[in-house]
Amino acid sequence: MISALPPLAMQAGANRVVQGVKIEHVCGDPALPAEEDGAVRRRLVERGLRALTTAVDGPTLFDGAELR
Amino acid sequence: MSPDAMRLIVGRFPVHELTFGTAAGWRDGRLVVDPDRVAALVRQDRRIRRVTVDLVQPGEPARIVHVRDIIEPRVKTQGPGHAYPGICGHAPDTVGAGVTHHCAGFGVLIASEALPHIRRTVSAATDSLIDMSGPGAVTVYSTLRYVVLTIETLPDLDLTSWNDALRGAGHRVAGDLAELVRAQTPPERREYRLAPPAGGRPRVVHVHTLNASMVPGIGTGIYGYTQHALPVLLHPNEILDGAIAGDAVVTYPGKCTWLHVNNPVLAALYARDGTDVAWLGSIVSRTRWGALQEKQLSAYQTVKLAAMLGADGALVTWNHGGNDLLEVMMTIQGLEQEGIKTTFLTIESDIKVVRMTPALTETGTAEPPLLFSVPEADAIVSTGTLAPAEPLPAMPRVVGGRDVVFDQERPDARTSAAGPLNLEAVSGAYSPIFGHFDNYGLGCQSYLDY
């Protein structure tokens, strides 16, 4: 689940939670130039796909820290 | 200004009787309102096409619909600033000192059906109602006397212009009625000031979280400032002088202008200040930020302010619902981790209309009462739940409009406001009874009523 508010999603029991941008626009940022907005969207989708293929044993946040 | 210098004398003029007449004035609890004068004041704004002026009293078989805001007439007779500062052309001078007179148990009620384009763009501009008698008369708003201004504006006003027109009219009338008591001697006077913290009394702060609208230009304002901003410390007397005021769009009662100058939390804390607690003031933190990081920042700065004030305890309140609870709960968590004990005052079941039957009061529902919580929030006082158990009966008198629209997606699906109204069947996210969403404990229902 891509969520602007991961603490809420995780408390509700969502197992794989990706940190989205903000409530008004979860999966992108219209304030950015189209190209950068596209990059944000791509990063979120790729992170979501990576989350889907990762085994978890409870609500887990995928905020990019797992890449470092 | 030192807190001790902030002394406010409030002169209370109760309104026990309300009538129309040509000799407007207040005398011995009887308020006489000149309807022609009121209508002329409303029509000063060319954006307003038509106005009807009605008086509505508690106990009447009457229903008021399209409630946009309620304003209690207040006027500063001494001291700096203007009651309800920062809005409707009033200067933003700091208020809270001097003398203020007000009409109590009374409000100027702005009623206006949401324009179709506003109904579609502002989800919170839904329809609301106040029943003055019967099973729907369960909130404090059924106990007040009203001058109701039913206003029809030009049909093409944009959101901020519509709000300006309606709110300006309400405040012109409220200000004019307040002038009737300016020069009189109030039958009741009370001095409000914070006692200097002393004697080892626990230092308590009110964390007064207030929704800021995601729609620019409307919502609850602090001296008229409606946008999201980092927390600010208010002296309670500023709030008594109207520093927190609502718009004339959103129908959430948590932003009602009448509520904020009559907030029972302020009365409760003033009753304890100087006896068994030392009240340090009200930190106003805005809620409903769009990004998690903004919610975190607001919560952390609120905690920091409380810690810098040397608070031992915090009474945390909120005036809204939904995702605002995240920053409220993160604030409670941070305060507790800082060693500041918290109590949270809240409605249960913050969004959904849950039909509260006698059986459910014993067993509860399967729904979590709050959308989000933290383990540190271990002292919570409930102000009750939302929904009426029975449908509202037909009302012989309807003021404020003729029809109501309960589904904002279908503005053409109109229901006669005269009823009967099965609210559970027709309402969506929350109760259309104005004031039912009561985060401060103003309600008239008790456990026994449920």
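All chains are named by letter (A, B, ...) in the order of the sequence lines, taking the proteins before the strands, and each is independently numbered beginning at 1.
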**Prompt:** Which bit of B:Leu326 comes within less than 4.5 Å of chain A, counting heavy atoms only: side chain, backbone, both or neither?
**Reply:** side chain

**Asked** Does any heavy atom of chain A fall under 4.5 Å from the side chain of B:Glu294, the backbone, both, or neither of them?
**Response** side chain

**Message:** Counting neighbours of CD on B:Gln293 that are heavy atoms of other residues, nucleotides or ligands and sit closer than 6.0 Å, is the number greater than 12?
**Reply:** no

**Message:** Taking atom NZ as the centre, does B:Lys341 end up with more than 12 heavy-atom neighbours from other residues, nucleotides or ligands that are less than 6.0 angstrom away?
**Reply:** no

**Asked** Which atoms of A:Val21 come close to chain B, meaning under 4.5 Å heavy atom to heavy atom: side chain ones, backbone ones, both, or neither?
**Response** backbone

**Message:** Do B:Met214 and A:Ile23 have side chains that approach each other closer than 4.5 Å (heavy atoms only, starting at C-beta)?
**Reply:** yes

**Prompt:** Where is the tightest heavy-atom contact between B:Leu371 and A:Gln11, given as atom of each residue plus distance?
**Reply:** O-OE1, 4.1 Å

